[in-house]
J.: 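Pasting a structure below so you can have a look.
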Amino acid sequence: TGGGQARSGGRGRDAGRLSPPRAMNVFIVHAHPEPRSFSSAMCWTATEQLRALGHEVRVSDLYADGFDPVASAADFGERKNPDYLVYALEQRHGYEAGTLAEDIRGEVAKLLWCDLLVLNFPVFWFAPPAMLKGWIDRVLISGLTYGGTRFYDRGGLVGKRAMVSVTLGGRPHMFGPDAIHGPLDDMLRPLLRGTLAYTGLTVLPPFVGWHVPYITQAERAQILVDYRRHLASLDTLAPLRFPSLDDFDAKLHPKAASHV
């Protein structure tokens, strides 16, 4: 899991010297319970760097904001079916009727506003914290971000980009095709593919703060310098590859390969 204490500090000597990317609206969703954690330092480093590059940035600090991660009937001011809760169907109705809970409406507005969504979190048990999972459950609402065959490159968030920035205790050699934990992208598959790509987002490669509870303060500071460089070069990063519905038929069987 992510840990270690750090301050965002000043800008690295070489950070930000790359050509700045096009101006964007950036929405950072941060999920760490400790405001002095290295994960938090990454969040505020990103906020500072992205603003210095000319981007607009909004941050939802889920723990500090007291965000409620529990999806429940209380999320709907008016129910289409008050006798039986089908959460996804009530999300659609609540969004169309304007009766979703106020906190959900606020997060959805930031999601629709942004060009780039950044999810910043420590890895807990090979996954995001429950707080962030609850944000996903409540905010990536059915009907708006996905539904029917509106997923992957036809999802509701097509045209927007997403990136995850994570901290964890492991070392780089522990992640890879033959490594003890397997590839990091496989570990994050439910998030990268099953959530971000599924809703139509173009997913950029993750940024990882490795082994952060166990390294020196100087090594943590270098990670923040590297993160600034990463953020300054977003437009040069090749997105991760995910399925296109163009490669599947109406019943979602793979189309037969053409033969020359």
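For the numbers below, each heavy atom of this structure counts, side chains included, while hydrogens, waters and symmetry mates do not. Residues: numbered from 1 along the sequence shown.
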J.: Could you pull out all residues at least two apart from A238 that satisfy side-chain contact (heavy atoms from CB on, under 4.5 Å)?
T.: none
J.: Could you tell me whether the side chains of R161 and T202 share a donor-acceptor contact shorter than 3.5 Å?
T.: no
J.: Establish, yes or no, whether a centroid distance under 6.0 Å links the rings of Y198 and F151.
T.: yes
J.: Per the ring pair (Phe, Tyr, Trp, His ring centres under 6.0 Å) rule, what does the pair list look like for residues 172-192, sequence neighbours excluded?
T.: F126-H181, F175-H181, F175-W210
J.: Can you see whether Y146 has R154 sitting over its ring - NZ or CZ less than 6.0 Å from the centre and within 45° of the normal?
T.: no
J.: With E56, which residues qualify under side chain to side chain donor-acceptor pair (under 3.5 Å), at least two apart?
T.: none
J.: Checking Y214 against R171: is there a side-chain donor and acceptor pair closer than 3.5 Å?
T.: no
J.: Sequence neighbours left out, what passes side chain to side chain donor-acceptor pair (under 3.5 Å) with R105? Give chain and number order.
T.: none
J.: Hey, what else clusters with V70 if you join Ile, Leu, Val, Met, Phe, Trp, Tyr whenever side-chain heavy atoms sit under 4.5 Å?
T.: none
J.: Quick one: which residue pairs count as a ring pair (Phe, Tyr, Trp, His ring centres under 6.0 Å) with a foot in residues 70-117, not counting sequence neighbours?
T.: F76-Y87
J.: Does R58 have any side chain to side chain donor-acceptor pair (under 3.5 Å) partners at least two apart in sequence or in another chain, and if so, which?
T.: none
J.: Can you list the residues that meet the salt bridge (charged side-chain N to carboxylate O under 4.0 Å, His left out) rule with D83, with sequence neighbours excluded?
T.: none
J.: Residues in side-chain contact (heavy atoms from CB on, under 4.5 Å) with T195, at least two apart?
T.: I136, L140, L191
J.: Run the side chain to side chain donor-acceptor pair (under 3.5 Å) test against E107 and tell me which residues pass, sequence neighbours left out.
T.: S60, K110, W135
J.: For S244, what residues pass the side-chain contact (heavy atoms from CB on, under 4.5 Å) criterion, not counting sequence neighbours?
T.: D153, D246, D247
J.: Please enumerate all residues that pass side-chain contact (heavy atoms from CB on, under 4.5 Å) together with V158, with sequence neighbours excluded.
T.: none
